[in-house]
2 protein chains.
Amino acid sequence: MKEGPDIALIGSLIGDPARANMLTALMGGRALTATELAAHAGITLQTASSHLAKLEAGGLLTQRKQGRHRYFALSEDEVGLMLESIMGFAASRGLTRHRPGPKDPALRKARVCYNHLAGDYGVRMLDSLVAARQIEMTGDDLTLTDAGQARVEALGIDYAALKKSRRPICRTCLDWSERRSHLAGSLGEALLTLFIDKGWAKREQNSRAIRFTDTGEKAFSELFPQY
Amino acid sequence: MKEGPDIALIGSLIGDPARANMLTALMGGRALTATELAAHAGITLQTASSHLAKLEAGGLLTQRKQGRHRYFALSEDEVGLMLESIMGFAASRGLTRHRPGPKDPALRKARVCYNHLAGDYGVRMLDSLVAARQIEMTGDDLTLTDAGQARVEALGIDYAALKKSRRPICRTCLDWSERRSHLAGSLGEALLTLFIDKGWAKREQNSRAIRFTDTGEKAFSELFPQY
DNA sequence: CGGATGCTTCGATTAGGATCGAAGTATGAA
DNA sequence: TTCATACTTCGATCCTAATCGAAGCATCCG
């Protein structure tokens, strides 16, 4: 009688406030240590450790040992996409955990969505790429056109490396603030990395917000014009 | 410090097995009574009533009184989309609640996703519409082209009525079995209704599976050819 | 008006799990 | 080796929330 996947397990993992805080922190894209995550969730290290074990068992997280630190991160793009979709619904219901403060506009303008750019800027970037026929949409699969490939390589992104991986190069991710799609996948990640490497944008400490420098703003507008 | 929407509340609502079973049952698209939902979840009526109140308070469900019955249904398309995205992740992790049985292939072939067609057939339908340039994708917004509008009206769907409503006519919904998008929105709903009204397809009892008749198979293949 | 059905509210019980103190393991530094 | 840091495991406590019996409303039917 029961059919379909088991959503209760996933839901219960996300449903605990401490774990939800950890996951939200990890949506910032940085891998974090158990101690940092415990601080984010406002709990002791012991409790955090037990939560992290559960999240890992559920497939939401992976850990990487590095010296005596253990870095935790979301296990795959899918997890970020799923969380973003839940955030979208929660936001539409007005379920925010903070009184809308000064940080809120910054988040809506540009923020990290796990490993790629989201918010107004993220949406504008994908729109621009599609309008310029550098990315094509069929079904729901985004595909980089030849023009797009050339463009990406001109920006200094190693397209061959992207192609080698089994990860999708382009995929859509629903933006909770804009209610539209932005670009995820390995190309989305590479582009954000590029912006940061070039000094056009900076991640804010302890926040998902991304701050563009003046040069960055200008470069972004030139690269991704709005038609 | 805490920023972004509160996903814990939504997660905890979905995280209870009884509630998850109810939500899954409602993904079948039919509005169900409290008694029916209690049976689906395997709990008493009292318990079900308390769960339903919580789901309604959380904005996931709406109820409609009809005589002495109360019919519950998912409150909006967004809820279905979110649940489908969680199912997608759960399925990719192999978290299914049943041993893959004879029903499984039927579900993958064609099923109801809240109010529209999903599974292989759902994906094929959207692909075909896009290939025939009757639906266009920009950003993530699907838009019905003039050709598409004519086509829809030729099928006997009241396009004007769709347009009047504030609901999006076309939107994408990620398919958990196919990992691709299919057509949701009011047009997606109208098309599924059409198939059923014409006798081309039937909803199975107590299942999300949709069974196409022989005539239906033929008509579907003609209407939505694969290029 | 009964009497039946569908559902909600109340109250008491119970179980699961979140929490943290304390102790244990692993890695690095001095 | 010794100490410190980073984290896990164990054990006990405590609290929330799921559960159901019983009683209370609401609606329909005859």
Side-chain angles (χ1 to χ4, degrees), chain A residues 2 6-26 30-75 95 97, chain B residues 2 6-26 30-75 95 97:
Chain A
K2 304 278 172 289
D6 182 12
I7 58 175
L9 213 160
I10 308 293
S12 69
L13 284 174
I14 302 172
D16 179 81
R19 285 193 292 259
N21 283 336
M22 293 178 166
L23 290 171
T24 306
L26 289 172
R30 287 190 176 85
L32 299 172
T33 66
T35 310
E36 289 168 323
L37 287 166
H40 271 280
I43 51 179
T44 62
L45 192 52
Q46 305 95 290
T47 309
S49 178
S50 122
H51 283 310
L52 290 169
K54 283 172 194 176
L55 287 171
E56 199 182 355
L60 295 173
L61 299 186
T62 44
Q63 61 165 301
R64 209 169 13 122
K65 288 180 74 168
Q66 214 164 90
R68 51 181 162 180
H69 294 274
R70 298 201 180 186
Y71 286 95
F72 291 86
L74 302 186
S75 59
L95 299 173
R97 296 175 305 166
Chain B
K2 304 280 172 286
D6 181 12
I7 57 174
L9 213 160
I10 307 293
S12 69
L13 284 175
I14 302 173
D16 179 80
R19 286 193 291 259
N21 284 335
M22 293 178 166
L23 291 170
T24 307
L26 289 172
R30 289 188 175 87
L32 299 172
T33 65
T35 311
E36 289 169 323
L37 287 166
H40 271 281
I43 53 180
T44 63
L45 191 53
Q46 306 94 291
T47 310
S49 179
S50 120
H51 283 310
L52 291 169
K54 284 173 193 174
L55 288 170
E56 199 182 357
L60 295 174
L61 300 187
T62 45
Q63 60 165 305
R64 211 170 10 124
K65 287 179 76 169
Q66 215 163 90
R68 51 183 161 180
H69 295 273
R70 297 201 180 187
Y71 285 94
F72 291 87
L74 302 185
S75 60
L95 299 174
R97 296 176 304 165

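Just so we're on the same page: letters track the sequence lines, and every chain starts at 1.
- With distances taken from any side-chain atom of B/R68 to the nucleotides D/dT27, C/dC7, C/dG21, the minimum falls on D/dT27.
- If you check D/dC7, D/dT19, C/dT19 against the side chain of A/R70, the one that comes closest is D/dC7.
- Distances shown here put a side-chain N or O of B/S49 below 4.0 Å from the OP1 or OP2 atom of C/dT8.
- Rounding to whole angstrom units, OH of residue A/Y71 and P of D/dC7 are separated by 8 Å.
- Evaluated for a side chain to side chain contact (heavy atoms under 4.5 Å, CB included) with A/L55, the options A/L74, A/L26, A/L60 yield exactly one hit, A/L60.
- Within the structure, a side-chain polar atom (N or O) of B/R19 is placed less than 4.0 Å from OP1 or OP2 of D/dA18.
- Between the CZ atom of B/R64 and the P atom of C/dG6 there is a distance of 17 Å, given to the nearest Å.
- One atom, CD of B/E36, and another, P of C/dC7, lie 8 Å apart when rounded to the nearest Å.
- Side-chain atoms of A/K65 lie closest to C/dA26 of the nucleotides C/dA18, C/dA26, C/dT8.
- If you take CD1 of A/I14 and P of C/dA18, they are 14 Å apart, rounded to a whole angstrom.
- Minimum atom distance to the side chain of B/I43 is reached by D/dT19, of the listed D/dT19, C/dA22, C/dC7.
- With D/dT8, D/dC20, C/dC7 as the candidates, the nucleotide lying closest to the side chain of B/T47 is D/dC20.
- Looking at the side chain of B/H51, the nearest of the listed nucleotides C/dA22, D/dA18, D/dC20 is D/dA18.
- Atom pair A/L52:CG and D/dA6:P shows a separation of 15 Å (rounding to whole Å applied).
- D/dT19 atom C1' lies 12 Å from atom CE of B/M22, rounded to whole Å.
- OP1 or OP2 of D/dA18 sits under 4.0 Å from a side-chain N or O of B/K54.
- Distance CG/A/N21 to CD1/B/I7: 8.5 Å, rounded to 0.5 Å.
- Atom-to-atom, CD of A/Q46 to P of D/dA6 comes out at 14 Å; the value is rounded to the nearest Å.
- B/T33 is listed as a side-chain neighbour of B/Y71, based on a closest heavy-atom distance under 4.5 Å.
- A/H51 pairs in a side chain to side chain contact (heavy atoms under 4.5 Å, CB included) with only one of the listed residues (A/L61, A/L23, A/I43), which is A/I43.
- In this structure the side chain of B/S50 never reaches within 4.5 angstrom of the side chain of B/Q46, judged on heavy atoms.
- As a whole-Å value, the separation of A/L45 CG from C/dA22 P is 15 Å.
- Residue A/H69 has no polar side-chain atom (N or O) positioned under 4.0 Å from OP1 or OP2 of C/dG28.
- Minimum atom distance to the side chain of A/D16 is reached by C/dA18, of the listed D/dG21, D/dT19, C/dA18.
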